[in-house]
Structures are given as structure tokens and as C-alpha cells.
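Whatever order the structure lists ligands and atoms in, that order sets their numbers, starting from 1. Hydrogens, waters and symmetry mates are skipped; everything else that's a heavy atom, side chains included, is used. Numbering starts at 1 and runs along the sequence shown.
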Amino acid sequence: MGEKIFLKEALQLNIRGFRLYFRTAPRLFLARASYAVVMGIVPYVNIYLSAQLVGELAGGREVERIVSLVIAVLVSNLLLLIFSETIKHWMMYENTANENTREIILLRKLLSMDFVDMDSSQTHDRLDQINQNAGWAGWGLGILPKYFESSLRAIISILCAVSLIMGMFFQKVPESAGTLTVLNHPACIGIMLFFMIGAIVAASAMEEVAEQRYAECAASARFGNRSWGFFGFDVMDIERAVDMRIYNQQNISANYLIKNDSFQSNALMGRLIRGRMGILYAFSSVISASFQGMIYLFVCIKAWAGAYGVGLVTQYIGAVTALYTGVVSLFQAAVRLKSNAPFLKITFAFLDTPNQMYQGSLTVEKRSDRRYEIEFRNVSFQYPSSTKWALKNINFRFRVGERLAIVGENGSGKTTFIKLLCRLYDPTEGEILLNGIDIRKYDYKEYMSVFAVVFQDFQLLSGSLMDNVAAGRTCDKERVRKCLMEAGFGERLSSLPKGLETCMHKTFDKDAVTLSGGEKQKVALARALYKDAPFIVLDEPTAALDPVAEQEVYEKFDEIAGDKTAIYISHRLSSCRFCDVIAVFDRGEIVQYGNHERLLKEEKGKYYKLWHAQAQYYMEERKKKEDLDQFNQNFGEKVSLDE
Ligand code: ADP
């Protein structure tokens with residue numbers, strides 16, 4: 001991942017990660033901790049009891065003691081099995097229940113950050129990297145519970161093993177053993193300890209180097225995941241199915257995947273595993289095996305010399321093997337946590353994105369007369385990623401009850417104007433006032449409650465029709481129904497067998513409906529109506545409708561909007577001509593302002609030009625529709641304009 005991270009910083013990043021994860025999913029950590037403790041202790045109970053049994057069989061051979069030891073082994077195994085399985089199931093439950101903790105942490109941040117940052121390419125890139133690292137080998141926040149558990153389990157295992165093997169060093173070989181009494185010498189114990197620690201350090205160091213090689217593949221793995229994500233999975237998206245078939249896009253995808261697959265055996269990762277990384281792992285295993293051989297030798301020679309009986313041989317060998325495994329897994333966990341530090345660093349870079357938008361505390365006055373006035377005063381705006389002015393010196397005022405239309409060609413700044421109005425971005429220059437007060441001074445949520453917006457690229461959820469319209473508010477069935485009818489969805493609603501309970505996507509319900517673009521827009525309009533906010537903004541939400549149908553929606557909506565302020569954005573002028581005020585945008589500026597009749601009189605104006613360019617097209621559309629209506633009447637067939 002490029003920059004080197006030192007141990008101290010790696011430790012701080014991991015501790016911060018643990019604390020964050022623990023705060024979000026404390027029960028998961030409790031379950032994992034309990035499982036680690038139980039699984040750390042369990043093997044030693046058996047090692048201890050079996051050693052006692054073997055000792056008795058080889059020594060005193062007292063039947064009563066043998067029987068009670070056998071019973072102890074059986075009962076303790078049974079109890080431990082029941083206990084460990086119960087805890088394991090609890091842990092598995094918590095694992096499943098908290099499966100999305102990592103995503104929740106990221107999502108909370110994403111939803112609480114300033115929109116301007118959420119929309120930035122840096123945020124998108126960081127988020128992609130975080131997800132791809134997690135998708136590749138679980139790197140980042142997601143692996144922390146696993147390493148918390150394995151470290152704790154290793155520590156418990158080491159403590160138990162140490163308490164069982166002390167005697168191996170301190171039980172003395174009797175003088176009668178002659179030269180073998182050398183095994184009692186502290187130097188001999190020192191040498192054994194030296195080899196033991198040496199073997200652990202050497203094996204772990206090799207693993208660390210191998211692990212680092214593995215982490216070096218991050219960039220290539222991320223690229224591989226991006227390729228797979230898009231060319232392997234996204235192409236299966238049902239919405240791409242038609243394009244795929246018509247343009248044979250699967251061939252492009254397959255070619256791309258074959259050439260760019262980072263997970264093939266001759267790609268970087270494959271080469272490393274076959275080469276240095278594989279050799280290091282192999283050497284680490286050789287060291288472990290040699291060390292175990294040495295311990296066997298030491299324990300057996302001491303027993304042969306008479307330091308202890310055969311029962312303790314079993315105990316020491318079992319405990320030393322477990323001790324070795326415990327220490328190696330502790331080192332492994334430490335190495336992996338260190339390798340994980342760069343991945344955590346990028347996660348925290350994302351999570352630490354500061355909120356720089358000023359958050360005021362004023363409450364928006366709930367006026368029973370609904371008299372709200374909005375003013376744009378010398379407002380100019382530049383997107384952070386752009387050097388171009390999206391809006392230039394906008395001065396504009398309108399109040400509740402008015403119908404405002406914003407027209408202009410694509411890219412003229414219409415949507416940007418709405419985004420500023422809803423405070424998704426703050427103006428680069430100038431200010432926006434609500435009832436004479438700068439909108440930055442209002443509490444953000446309160447301010448947002450004044451608007452109901454239907455953006456061009458609105459999204460519906462996969463839930464029920466009712467949930468989509470109520471959108472998280474208290475659900476009033478009758479009002480939902482009324483809003484749907486007002487939005488022109490009434491007829492379609494009565495044709496749905498499950499009515500308001502109908503699901504919007506097949507993901508959750510096989511009886512779900514797939515709505516057409518126009519029908520979805522009606523549901524989105526109903527959602528805006530249900531919010532019952534003083535300002536309703538429609539940002540070309542009717543783009544999927546033909547011009548005549550769009551005009552009908554606008555006309556109907558004018559009636560529904562009642563005493564609310566309705567702001568319509570459209571590049572189809574005929575839809576907006578009934579508005580009180582029309583603002584004509586051109587290259588980020590308001591170049592004309594007034595009602596339809598007045599604007600049409602300005603023959604040199606933009607509006608006049610646009611109107612005449614479009615009028616002929618609308619005439620043709622209307623004529624076509626009238627001809628079709630006539631045709632349907634004559635022949636009794638239902639033919640839609642789309643056909
Ligand atoms: P309209 O709604 O009239 O089609 P927009 O308000 O969407 O126009 O766009 C106005 C200008 O701002 C265009 O030049 C567009 O390319 C630019 N723009 C829009 N969104 C962004 C963005 N997120 N980042 C950078 N530039 C943008």
C-alpha cells in the first residue's frame with residue numbers, strides 16, 4: 001500500500017479499529033471473547049486428565065483411581081462439549097447478526113458527511129478501495145473481530161500451557177542417571193528456552209515477510225476485484241440484459257476479464273505464491289516441525305533418565321505443542337494486525353472526513369399561513385472538482401404559492417440551482433435567504449423539512465408501495481392512497497392484487513411488480529406529495545414521459561400543489577408556460593425572467609428562440625396523439641403513443 005507504517009502507528013490504528021467495532025457491535029466481541037476463553041482452556045483439560053490416566057495406568061494401576069479418572073475424562077469432555085458448542089452457537093448467531101457491522105460503520109459516515117464530500121471523487125475512490133480490500137482478503141475493519149478472538153485464544157492457551165509445562169524444566173533427573181544429570185543444569189534449560197523462543201521468532205518473522213508480500217498485492221487485487229465486480233457481476237444486472245444481448249457485450253467483458261484477471265496463476269499473486277512467499281511459508285513450517293522434534297527428544301530423554309513418569313511425558317508434549325501453536329498464532333495475529341494497518345489507515349481517512357458545512361441551530365418557523373420567501377442574493381457556485389462556474393451571480397426571489405418554472409438547455413445550471421436551494425451545497429459566493437435569514441443559520445434537518453423534491457434520477461426502494469410513498473414517515477394508508485391517486489397512479493393501484501402492499505422489486509417478493517418509467521415517476525410524485533412540505537420541486541421527473549403526457553402531469557400537478565410553492569424544472573417549455581414566473585437559465589446565469597406571454601414578446605431573447613425551436617415538435621406530438629385517439633375510436637383498439 002505504498003507508505004510504510006511503523007509499529008506504534010499500526011498499534012494505534014488497530015486499537016482505534018477495535019474500539020470503533022466494539023462500540024458498534026459489543027455483543028459480537030463478548031461472544032467471541034467467551035469462545036476464545038473456552039477454546040483456549042478446553043485442550044488443556046484433556047491434556048491434564050489424559051496425562052493423569054496414562055500415569056496411573058503405567059504406575060500405581062489402582063482400579064478405583066483409574067475408574068474415577070475415566071469418568072472425569074468422559075464427564076468433563078461431555079460438559080465442555082456442551083458448553084463450547086453453546087458458546088459457539090451464540091458466537092455464530094452474533095456473527096450473523098452483526099455481519100454488516102463494517103458496512104454500517106461506513107454507511108453512517110457516508111450519510112452524515114457533507115453532501116459535497118459524499119459527491120467527491122476522492123470519497124468514491126476511498127470507498128471503492130476500502131470495499132475492494134475487504135472483498136479481497138477481508139482487510140480493514142472487517143477482520144478485527146477474528147483477530148481479536150485468535151489473539152485472546154492464543155494468550156489463554158499460552159497461560160494454560162505454561163502452567164502445565166513448568167515441571168518439564170524444574171523436575172530433576174536423579175543422580176543415579178549419571179551423565180544425563182546434565183539436563184538439570186540451568187544452561188540446559190536456558191538452551192531449550194533459547195531454541196524455543198528462537199524457533200518461534202524465526203518462524204513468525206518468515207510469516208511476516210510472506211504476509212507483507214501478500215499485502216503488496218493489494219493494488220493488483222483491487223484492480224482484479226474492480227474488473228470482476230464490473231465485467232463479471234455488474235454485467236449480470238437485469239437492466240443491462242437488453243444491451244448485452246443486442247450488442248454482444250459479453251464478448252467485451254470476457255476479453256477484458258481474461259486479459260486483466262489478477263487472480264490467475266501467472267498474475268502477481270500467483271507468481272509470489274509459487275516463488276518467495278511459498279518458500280518462506282515452507283521454511284516457517286520446517287522450523288516448527290524441527291522444534292517439535294527437539295522438544296520430543298528433550299522430554300523423552302528426561303523421562304528415560306527418571307525425572308518423571310510416562311504420564312507427564314504425554315502432558316508435557318501435549319502442552320508444549322499447544323504452547324508453540326499458541327505463541328505462533330499470537331505472533332501471526334500480531335503480524336496480520338500490522339499488515340492490516342495500511343488498510344485501516346485508508347478506512348480512517350474516509351471516516352475522519354470532517355464536516356465543514358456550517359450547521360446552524362435556528363428552527364424554521366412553522367407558519368400556519370405558510371408564508372415563506374426564498375431569495376438568492378448574488379449567488380455564484382463552482383463545483384469543488386471544477387474550475388467552471390456552474391452558476392453566476394443569481395439574484396432571484398419567490399414566495400410560497402407561486403409557480404416557478406426554470407427552463408434552459410442541458411448544462412445551463414437548473415439542477416445546480418435546486419441543489420443549492422436544498423443546501424446540498426453551499427454557494428461559493430453570495431447567500432440564500434429563507435424569510436430574510438441566511439439558510440446556513442437554520443438547523444439543517446429543519447430546513448430540509450421545508451422541501452419535497454423529485455430529482456431526475458430519483459430512486460425507489462425495493463419495499464412496498466406504501467413504504468415508498470410514506471418514505472419513513474408515519475404511515476397513513478388513506479393519505480398514501482390519496483397521494484397516489486393525485487399523482488395519477490389510481491388506476492394502476494386498483495389493478496394491483498396486493499394494493500399498497502405490492503412490492504416494488506422482485507428481490508423480496510415474487511409477486512412484486514415491475515413498474516414502467518412513467519409509473520415510477522408517479523410514485524415518486526406521490527412520495528413528494530405525502531411529505532406535504534411548503535415547497536415542491538420537480539426536477540424533470542417526467543423525462544420518461546412523452547411531451548404531451550408530461551404537460552398533462554404538470555397541469556394536474558399545478559392543481560394538486562394548491563397553496564404550496566411549486567418549482568418545475570424542464571427543458572420542454574410547453575410544460576411550464578402556465579407558471580407565474582419563468583426563469584430562463586443559460587450557461588449558469590438567469591438571462592430572462594417573467595411570465596410566458598412577456599417572455600415571448602422579447603423576440604431576441606433565449607426563451608423566444610427555445611420556444612419556437614420546440615413548438616413545431618409539440619404540435620407534431622399533439623397531432624400524432626390526436627390521430628391515434630381518432631384511430632382508437634374508429635377501430636376500438638388501444639394503441640399507445642410509444643408504440
Ligand atoms: P442542468 O440541470 O441545467 O442540465 P446542471 O445544473 O446539472 O445543469 O449542470 C450545470 C453545470 O455544472 C454543467 O456544466 C455540469 O457539467 C456541471 N456539473 C453538474 N454537476 C456537477 C458535479 N457534480 N461536479 C462537477 N460539475 C458538475
Side-chain angles (χ1 to χ4, degrees), residues 110-111 113-128 350 353 355-357 374 376 378-396 398 403-430 432 439 451-459 517 521 524-525 528 535-545 547 550 553-554 566-577 579 581-593 599 605-607 609-611 613-614 617:
L110 200 61
L111 290 177
M113 66 172 37
D114 291 342
F115 186 81
V116 57
D117 291 318
M118 185 172 170
D119 199 26
S120 84
S121 56
Q122 190 191 44
T123 305
H124 283 274
D125 187 50
R126 277 184 182 153
L127 207 56
D128 278 352
F350 167 74
T353 313
N355 282 42
Q356 283 166 335
M357 254 182 155
I374 291 274
F376 275 58
N378 304 324
V379 170
S380 296
F381 180 72
Q382 229 172 19
Y383 281 98
S385 57
S386 169
T387 50
K388 211 177 103 191
W389 289 100
L391 290 179
K392 272 179 286 185
N393 203 26
I394 304 289
N395 283 293
F396 197 65
F398 54 95
R403 301 287 183 265
L404 167 69
I406 300 178
V407 300
E409 286 161 315
N410 281 341
S412 57
K414 303 183 298 293
T415 301
T416 308
F417 175 82
I418 297 302
K419 285 183 175 166
L420 258 61
L421 175 66
C422 300
R423 226 196 142 198
L424 293 175
Y425 297 95
D426 279 336
T428 316
E429 286 170 11
I432 303 169
I439 59 171
F451 297 96
V453 190
V454 186
F455 282 107
Q456 316 176 19
D457 48 358
F458 66 88
Q459 297 287 336
Q521 279 164 342
L525 288 180
F535 289 85
I536 294 199
V537 186
L538 306 186
D539 180 0
E540 290 191 59
T542 46
L545 304 181
E550 178 186 335
V553 168
Y554 277 119
I567 305 176
Y568 305 112
I569 300 188
S570 180
H571 55 254
R572 290 174 186 167
L573 306 196
S574 67
S575 308
C576 306
R577 67 175 170 200
C579 287
V581 187
I582 300 171
V584 185
F585 275 65
D586 187 29
R587 285 175 238 174
E589 287 179 89
I590 298 185
V591 289
Q592 274 180 296
Y593 181 79
L599 292 178
K606 184 93 190 161
Y607 189 83
K609 237 161 99 187
L610 289 171
W611 176 262
Q614 295 181 358
Y617 175 61

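- Ring orientation note: the planes of Phe417 and Phe376 are close to parallel, at an angle under 30° on the 30°/60° scale.
- Listed here is the closest heavy atom pair of Lys388 and Gln382: O-CG, 3.1 Å.
- Note that the NZ atom of Lys609 and the CD atom of Glu409 stand 7.5 Å from one another [nearest 0.5 Å].
- Panel note: side chain Ser412, backbone Arg587; no donor-acceptor pair is recorded below 3.5 Å.
- Around ligand 1, the residues contributing at least one heavy atom under 4.0 Å from the ligand are Asp119, Tyr383, Ser385, Lys388, Ala390, Glu409, Asn410, Gly411, Ser412, Gly413, Lys414, Thr415, Thr416.
- The neighbour count for Arg126 CZ, taken as heavy atoms of other residues, nucleotides or ligands under 6.0 Å away, is above 12.
- Trp611 and Tyr607 have parallel rings, their planes meeting at less than 30° on a 0 to 90° scale where 60° marks the start of perpendicular.
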